[in-house]
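This one's a predicted model, so the numbers in the text were calculated from it and none came from an experiment. Sequence positions, counted from 1, serve as the residue numbers for this chain.
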Amino acid sequence: MLLRRWAAGSVRLDYPRAGRRGVWRWLPSWRQTSLFFLFCLGIMTGLLSFLYLRTDIPEDLNDFATQQDNVYYWADGSEMARTGPVNRQEVPLEKVPEKVQWAVLAAENASFYSDSGVSPSGLMRAVTRMVTGGETQGGSTITQQYVKNAYLNQRQTFSRKLTEMFMAIKLDDRMSKEEILERYLNTSWFGRGTYGIQRAAYAYYGKDVSKLNPSEGALLASLLKGAGSYDPTLGEKNRQRVTERWKWVLDRMVDIGKLSPQERAKYTKFPEPKAPPKPEGLTGQVGYLVETARAYVSSHTEISDADFDLGGYQIHTTFEKPKVNALAKAVKKARASFDPKERSGDRHVRIGAASVAPDGRIAALYGGPGYLEQGFNDANASNVPAGTAFTPFVYAAGLRDGVLHDREGPRQPVAPTSLYDGNNKVAVRTPEGPYWDRSGKIVRASNDGDRSYGQVSLRQAIVQSINTPMMQLGMDVGLERVRQASIDAGMLPSSFGARVPAFSLGTATPSSIRMASAYGTFAAKGVHAPPYSVSGLTRNGEKFRLSRDRAQRAFSEAVANEVDDALRGAVRSEAGSAREAGAAGPDVAGKRGMAQDGTSAWFVGYTKKLSTAVSLSRVDPKTQELLSLEDLGGRGAVPSVDTYPLSIWTRYMTVVGRE
């Protein structure tokens with residue numbers, strides 16, 4: 001009898017057991033034992049059911065489970081940089097070879113496709129720790145591991161383990177096994193700063209995950225046990241551990257029928273991973289390149305900044321690494337001649353440069369001494385006057401639109417042979433007479449070195465860099481027409497200031513990128529292709545549309561050819577102002593330039609394949625005002641300060657022109 005009647009009709013448990021003596025009195029009967037077990041089981045079942053019903057799957061994943069890095073690539077497809085706090089890139093499951101999938105399953109959860117999302121042994125371990133609490137151990141299924149990665153924290157406490165199992169059961173009902181496996185592979189930690197099997201494939205083998213073989217997959221699967229203890233490049237003990245684990249994973253694949261013995265026999269040599277790559281940061285010129293490409297994505301797609309910052313994008317840039325390096329090397333050599341510690345005139349020097357192909361591709365740029373040292377990108381600066389490097393656009397406007405000598409009369413055409421007064425300090429004229437400035441003085445143009453040339457042709461004025469004819473030509477064409485011709489060639493409307501006579505001698509402040517692009521219009525026979533820095537954009541395999549600006553004709557081919565002829569003459573002619581640039585090749589055309597107030601120097605030139613602009617200035621770091629270049633390099637170090645950008649251009653283009 002389990003129960004016995006007590007006085008007054010009450011009932012109590014027959015324990016200690018009546019009619020028994022000694023130790024037998026205290027031993028429960030099998031019925032009592034069964035009843036107690038069923039009672040405990042009922043309590044436990046009720047408690048677990050209550051906890052199961054109370055456990056919800058969060059709608060939002062952990063930040064690191066959704067955050068990915070953005071990857072930038074050079075023009076040749078090699079990786080340039082990664083940005084973002086997490087080195088992870090999602091990949092669809094179908095891109096992961098089936099045997100690589102099974103290498104992971106063999107290592108972590110061979111019964112994945114048949115289990116309910118939890119491990120009974122793991123459940124029992126967690127339950128048995130309920131009384132004592134504390135840390136639980138592994139044994140989790142892949143579903144549980146994904147729940148831990150995506151929704152929970154990494155602590156091995158009992159409460160977290162119990163929540164993990166309940167969520168895994170629910171998740172297994174809501175998602176297909178394939179979807180769970182895909183998410184698991186994209187959120188797992190593989191070491192070397194990588195989350196997800198795609199980035200791990202690159203980090204360890206330098207290839208896309210789709211190119212992995214079963215042996216390499218077994219190595220990556222081994223890392224899931226703890227990359228810090230299994231990366232073979234981190235020590236001999238790691239190598240021994242991972243070698244044994246790698247062999248076991250392949251043998252396990254044979255045991256579960258996912259790898260034939262014949263194929264297993266092929267993989268006897270350990271798949272040595274490459275050495276850990278040096279971190280790719282934003283040092284040197286890379287930061288300027290990333291900034292330029294990022295700005296292009298922002299302005300030419302519908303992707304919001306917030307979405308882009310979530311990561312996962314692959315940005316294929318137009319930047320060519322050899323050209324970027326060659327340009328930086330050319331600038332570095334020029335900077336070596338400056339001594340800012342000893343000469344005040346050598347301080348605060350800013351150099352910007354860019355190379356643009358005729359189709360608009362930005363092949364290279366130099367933004368400054370280093371992105372982490374100077375965040376401001378001088379290749380995209382819009383505060384440096386173009387100076388007399390602007391005059392080819394005045395020439396092009398005159399050839400295209402003609403001139404107006406009489407307000408009431410028709411416009412008259414001009415030609416390269418049209419003569420203008422090339423004397424120094426000649427008065428600038430309008431149809432009504434001399435041009436008077438606001439102070440009541442007649443405006444006069446001046447030539448470099450105060451030299452007078454007499455009557456010269458417009459072509460000769462470009463070839464020899466004679467200023468006075470260009471200032472007068474701008475007035476004759478009309479400064480608004482000159483401005484429009486410059487915009488048509490590729491400059492931005494925001495580059496221009498007041499339309500006064502000095503406008504024609506380069507008061508506009510275009511960036512090096514825009515200046516190179518605009519000169520490239522002459523190389524492209526009058527067709528301007530807007531500059532771009534991104535050739536393709538994808539996110540996890542999905543392509544995004546880039547709204548690239550279309551190329552448009554700015555000048556007739558005849559006008560472009562005439563300007564091109566004059567710019568070639570500046571390099572090839574005996575009297576040319578840019579003869580030094582001829583060292584870069586036989587088809588070079590270009591123009592050197594100085595601002596009238598001596599605060600900037602340029603050289604812009606091109607070949608059939610590439611247009612490059614180099615600007616030089618000094619900027620007061622406190623006021624951001626331009627400083628004089630007069631003493632740069634030491635007084636009298638060079639005949640003219642624009643020798644520096646010319647030498648940078650020539651040294652660089654001589655190297656890349658051979659490619």
Note to self: For E432, is the CD atom crowded, meaning more than 12 foreign heavy atoms sit under 6.0 Å from it?
What the structure shows: yes
- Task: Quick one: do Q472 and D421 satisfy side-chain contact (heavy atoms from CB on, under 4.5 Å)? Show the steps, please.
- Result: CA-CA 9 Å; Q472 185 58 57; D421 192 339; over 6 Å; no
Would you please test F393 and M491 for side-chain contact (heavy atoms from CB on, under 4.5 Å) and show each step?
-> CA-CA 10 Å; F393 305 107; M491 292 191 188; 3.3 Å; yes
Exercise. Can you find a pair of side-chain heavy atoms, one from I487 and one from R483, that are under 4.5 Å apart?
Worked result: yes
Measuring only between side-chain heavy atoms, which start at C-beta, is M475 closer than 4.5 Å to R429?
no
- [ ] If the plane angle is over 60° it's perpendicular, under 30° parallel, otherwise tilted; pick one for F522 and F555.
- [x] parallel
Notebook entry, point to check: Can R459 and D565 be counted as an ion pair, charged N to O under 4.0 angstrom?
Noted result: yes
- Item | Worked check of side-chain contact (heavy atoms from CB on, under 4.5 Å) between H528 and S517 | CA-CA 8 Å; H528 174 248; S517 176; 3.0 Å; yes
Discussion item. Looking at F603, I'd like to know if the NZ or CZ of R592 sits under 6.0 Å from its six-membered ring centre while staying within 45 degrees of the ring's axis.
Written reply: no
Would the distance check show the side chain of D406 and the main-chain N or O of E408 forming a donor-acceptor pair, the cut-off being under 3.5 Å?
yes
**Message:** Main chain of T599, side chain of R618: is a donor-acceptor contact present, judged purely on distance under 3.5 Å?
**Reply:** no
Side-chain contact, heavy-atom cut-off 4.5 Å: K321 with M80?
-> no
What one should report as the nearest heavy-atom pair of L610 and A357 is CD1-N, 4.0 Å
CD of Q455 to OH of Y420, rounded to nearest 0.5 Å, is 11.0 Å
Check: K591 and Y395 side chains under 4.5 Å, non-hydrogen atoms: no
Heavy atoms of D642 and S640 approach each other most closely as OD1-OG, 2.7 Å
OG1 (T612) and OH (Y519) are apart, to the nearest 0.5 Å, by 12.5 Å
Are any of the side-chain heavy atoms of L399 and P416 separated by less than 4.5 Å?
yes
- [ ] Please examine the side chains of V619 and Q624, heavy atoms only from C-beta on, and report whether any two atoms are closer than 4.5 Å.
- [x] yes
Check whether R350 reaches the backbone of G368 with its side chain - one donor and one acceptor, N or O, closer than 3.5 Å. no
Value for OH (Y652) from OG1 (T650), rounded to nearest 0.5 Å, stands at 12.5 Å
For T391 and M471: C-alpha separation, side-chain torsions, deciding distance, then whether side-chain contact (heavy atoms from CB on, under 4.5 Å) applies.
CA-CA 9 Å; T391 55; M471 185 178 280; over 6 Å; no
Original post:
Checking Q374 side chain against F376 main chain: does a donor-acceptor pair fall under 3.5 Å?
Top reply: yes
Sorted by chain and residue number, the ring-ring contact (aromatic ring centres under 6.0 Å, His included) partners of Y288 (sequence neighbours excluded) come out as Y371
In this structure, CG of D476 is separated from CG of L404 (nearest 0.5 Å) by 8.5 Å
- Do the side chain of D339 and the main chain of R343 share a donor and acceptor less than 3.5 angstrom apart? no
Between H405 and P431, the two heavy atoms sitting closest are O-CB, 3.3 Å
Taking every heavy atom of R545 against every heavy atom of S547, the minimum-distance pair comes out as NH1-CB, 3.8 Å
Regarding R539 and E542, does a basic nitrogen lie under 4.0 Å from an acidic carboxylate oxygen?
no
Has the side chain of E557 got a donor or acceptor atom that lies under 3.5 Å from a matching backbone atom of G526?
-> no
Is any side-chain heavy atom of R400 closer than 4.5 Å to one of S556? no
Taking T468 for the side chain and S446 for the main chain, is one N or O donor matched with an acceptor at less than 3.5 Å? no
Exercise. Is it true that a side-chain atom of T318 and a backbone atom of I362 form a donor plus acceptor pair closer than 3.5 Å?
Worked result: yes
**Prompt:** Does the cation-pi check pass for R294 over F308, that is, NZ or CZ under 6.0 Å from the six-membered ring centre and within 45° of its axis?
**Reply:** yes
**Q.** Side chain proximity check, D631 to S344, heavy atoms < 4.5 angstrom
**A.** no
Distance col, row N383:CG vs D378:CG, nearest 0.5 angstrom, shows 7.5 Å
Between P501 and V428 the two heavy atoms that sit nearest each other are CB-CG1, 4.3 Å
**Prompt:** Aromatic ring centroids of F544 and Y313 under 6.0 Å?
**Reply:** yes
Closest non-hydrogen atoms of N70 and G311, given as atom of the first, atom of the second and distance, are OD1-CA, 3.1 Å
One should read off an interatomic distance between E480 CD and Q484 CD, to the nearest 0.5 angstrom, of 7.0 Å
ring-ring contact (aromatic ring centres under 6.0 Å, His included) filter on F338, not counting sequence neighbours, yields Y644
With a cut-off of 6.0 Å (strictly less than), are more than 12 heavy atoms of other residues, nucleotides or ligands near CD of E342? no
Spell out, as yes or no, whether a donor-acceptor pair under 3.5 Å connects the side chain of R499 to the backbone of G497. yes
Main-chain N/O of S511 paired with S382 side-chain donor or acceptor, under 3.5 Å
no
